[in-house]
Novice: 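Supplied in structure tokens, the structure appears directly below.
Computation of the quantities below employed the complete heavy-atom set of this structure, encompassing side-chain atoms and omitting hydrogens, waters and symmetry-equivalent molecules.
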Amino acid sequence: MSSSNNSLAMQRIVKLLDENSFMEIGSHVTARSTDFNLSNTDTPSDGVITGHGLIEGNLVFVYSQDAAVLNGTIGEMHAKKIASVYDMAMKMGAPVIGFLDCAGIRLQESVDALDGLGQIYAKEAAASGIIPQISAVFGTCGGGLAAVPAMSDFSFIEAQKGKVFVNSPNAIPGNRIDKCDTSAAAYQAKETGCVDGIGTEDEIIESIRGLVCMLPGNSGMGGLTEDCADDLNRACENVGAMKGDPRYVLSEIADDHIFFETKEAFAKDMVTGFIRLNGTTVGAVANCTEVYDDEGKKAEEFANVLSARGCSKAAEFITFCDAFEIPVVSLTNVKGYKASACSENNLAKAMARLTYAFSSATVPKVNVITGEAYGSAYVSMNSKSVGADLVYAWPDAKVGMMEAKLAAKIMYADASADVLDAKTKEYDSLQSSVLTAERRGYVDLVIEPDDTRKYLVAAFEMLYTKNTDSYKKHGTK
């Protein structure tokens, strides 16, 4: 057995996996290099514990860096152990979970260590879209190693000790760590779009266990389905009044009220995450205008517009779901685009990514219009035009080119106030009514908010066998 059995790195693995399920691989591997002081240094497991185990009976592969061994630095054999874990995981079709706590590249091994880091990059790239990759940063993760959690599908950072940076805060011109700690978990979660959650070590490990149980082990498994004890026809009370905060709506719709949010601190105007419907894992993408705290008080408010960050966040999430055959539901409440210089610099490209992600995804896609659905922003948000299989709308939804009052002002710029009011009402009735969109086939059905769960369950049940590939050899006449 490894001499690292009682290390913090091993303790993290034990917390993560089902009891007595961990099987270590490469426990006696040590550094090959003897340059400088390494010949006189004990390097048990070469600073990383690797192996496989179970989470709620699901096979996973794990590596956990040991900061007590050469500060967890990456050397030749250290990297080869991680690469070997990836090879095994891809063969077996099981997720890889990495616990990062590392001072960087091992200076004593120089180019051998650099080559090792490159091998880790290559394995992450090869595994992308084949098996889920999850990482958690419990200590330092700097320089080139920062790409490892960024290349993962999901990443978490310990709130107090976790540090992620390419350049340290003090190396950024005009900045000091006491002015702005760009390596801190809170900053990384809010600004970079690479972090799905922060918390204590135990909270992160519990989140990872929950996430693994939501995901298929590999891209060949198809959508993950489990038994469902929740009432499929359960009414979702008050969701109509809470449409501004889709976290509440999704929790009400979901089996057992469980919604697993991803990238929760980044681009809060767009919500992404996983729910289950009739036991089937479904990815959720939703516009957000309100955030409520644990006491039910409104904590934040946003305009119902698409931002560059929100589009990019949603596009990345949809792409993951499509790669792993996870159906997607969207909750749409959007009337335009965020107007700011910063957003404008990136908005066209981000909007294109979102539109492309929805259009190209071949998994079942259902859209629920909960509020406004105006203009090209709506088109990008999983509309019928870009490939939604089914579109539902709540009765008070508005679907059209733009708000009726603004349209009337444009068409009748010189008209009196009375004429504008009349034309606003006329435009709203003829062009912005959800019933008009339904008559034209852009909305499949208008449903009551309380009935949303049962309609979505039925929709995804019907779409379960969706296949975009044609098996036709020839006709029969």
Side-chain angles (χ1 to χ4, degrees), residues 13 15-18 21 52-63 85-86 88-99 123-136 148-156 194-197 199 203-228 250-251 253-264 271-285 313-329 357 361-365 460 464:
I13 291 176
K15 286 181 185 178
L16 174 72
L17 301 177
D18 295 348
S21 71
H52 58 85
L54 303 175
I55 293 179
E56 297 295 330
N58 300 297
L59 176 65
V60 296
F61 286 80
V62 184
Y63 68 88
V85 162
Y86 266 93
M88 287 291 291
M90 283 189 278
K91 287 178 185 177
M92 302 309 298
V96 168
I97 301 169
F99 290 162
K123 295 301 180 184
E124 282 196 282
S128 182
I130 297 176
I131 55 174
Q133 301 177 64
I134 303 170
S135 62
V148 173
M151 289 179 72
S152 299
D153 297 308
F154 305 96
S155 64
F156 301 84
C194 296
V195 179
D196 290 279
E203 288 171 343
I204 288 172
I205 288 173
E206 191 60 33
S207 291
I208 292 174
R209 285 182 60 87
L211 178 58
V212 167
C213 294
M214 281 275 194
L215 302 177
N218 58 75
S219 58
M221 285 181 63
L224 187 64
T225 301
E226 298 183 351
D227 293 336
C228 174
L250 290 167
S251 296
I253 293 169
D255 293 352
D256 303 314
H257 303 280
I258 296 173
F259 170 53
F260 188 100
E261 187 174 1
T262 61
K263 291 182 173 48
E264 55 185 294
V271 171
T272 59
F274 298 104
I275 62 174
R276 284 197 182 97
L277 290 171
N278 193 17
T280 298
T281 297
V282 175
V285 176
K313 173 181 175 178
E316 183 177 321
F317 181 78
I318 296 160
T319 301
F320 173 85
C321 289
D322 192 47
F324 288 91
E325 295 295 330
I326 299 172
V328 175
V329 62
T362 59
V363 294
K365 295 173 289 187
F460 285 113
Y464 185 77

Novice: If I compare all heavy atoms of Ile275 with all of Leu250, which pair ends up nearest, and what's the gap?
Specialist: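 Distance-wise, the nearest heavy atoms are CG2-O, 4.0 Å.
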Novice: Is Thr319 reaching over with its side chain to a backbone N or O of Ala315, donor-acceptor style, under 3.5 angstrom?
Specialist: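 A pair under 3.5 Å: yes.
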Novice: Has the side chain of Asp196 got a donor or acceptor atom that lies under 3.5 Å from a matching backbone atom of Phe156?
Specialist: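 Looks like no, no N/O pair under 3.5 Å.
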Novice: Does any part of the side chain of Ile55, heavy atoms only, come nearer than 4.5 Å to the side chain of Leu17, both counted from C-beta?
Specialist: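 Contact flag for Leu17/Ile55 side chains = yes.
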Novice: Of all heavy-atom pairs between Ile208 and Leu16, which one has the smallest distance, and what is that distance?
Specialist: CG2-CD1, 3.8 Å
Novice: Assess whether atom CD of Glu325 is packed by more than 12 heavy atoms of other residues, nucleotides or ligands within 6.0 Å.
Specialist: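 Above 12, so yes.
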Novice: Under the 3.5 angstrom rule, does the side chain of Asp322 hit a backbone N or O of Thr362 as a donor-acceptor pair?
Specialist: yes
Novice: Examine distances only and state if a side-chain atom of Thr281 and a backbone atom of Leu215 form a donor-acceptor pair shorter than 3.5 Å.
Specialist: no
Novice: Dump the intermediate steps for side-chain contact (heavy atoms from CB on, under 4.5 Å) on Ile131 and Phe61, then the final yes or no.
Specialist: CA-CA 11 Å; Ile131 55 174; Phe61 286 80; over 6 Å; no
Novice: Check the orientation of Tyr63 and Tyr86. Use parallel for under 30°, tilted for 30 to 60°, and perpendicular for over 60°.
Specialist: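 Correct class here is tilted.
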Novice: Return the minimal non-hydrogen interatomic distance between Thr262 and Phe154, and the atom names on each side.
Specialist: CG2-CE2, 3.8 Å
Novice: Would you name the heavy atoms of Thr272 and Phe259 that are closest together and state the gap between them?
Specialist: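 Taking every non-hydrogen atom into account, O-CZ, 3.8 Å.
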Novice: Check whether any side-chain N or O of Asn218 sits under 3.5 Å from a backbone N or O of Ala94 as a donor-acceptor pair, and report yes or no.
Specialist: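 Checking the backbone N and O of Ala94 against the side chain of Asn218, no donor-acceptor pair under 3.5 Å is found.
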Novice: Hey, does the side chain of Asp18 reach the backbone of Gly57 with a donor-acceptor pair shorter than 3.5 angstrom?
Specialist: yes
Novice: Look only at the side chain of Lys263 and the backbone of Lys313, and say whether a donor-acceptor pair between them is shorter than 3.5 Å.
Specialist: no
Novice: Under a 4.0 Å threshold between the charged nitrogen and the carboxylate oxygen, would Asp227 count as salt-bridged to Arg276?
Specialist: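 No, this pair does not count.
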Novice: Identify the two heavy atoms, one from Pro216 and one from Gly222, that lie closest to each other, and give their separation to 0.1 Å.
Specialist: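 Closest approach of Pro216 to Gly222, heavy atoms only: CB-O, 3.6 Å.
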Novice: Can you name the closest pair of heavy atoms from Ser21 and Leu54 and give their distance?
Specialist: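 Looking at all heavy atoms of both residues, the closest pair is OG-N, 3.1 Å.
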Novice: Tell me whether the count of non-hydrogen atoms from other residues, nucleotides or ligands lying under 6.0 Å of CE in Met92 goes above 12.
Specialist: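 No - once you tally the heavy atoms of other residues, nucleotides and ligands closer than 6.0 Å, there are 12 at most.
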Novice: When rounded to the nearest 0.5 angstrom, what distance separates CD in Gln133 from CD1 in Ile97?
Specialist: 11.5 Å
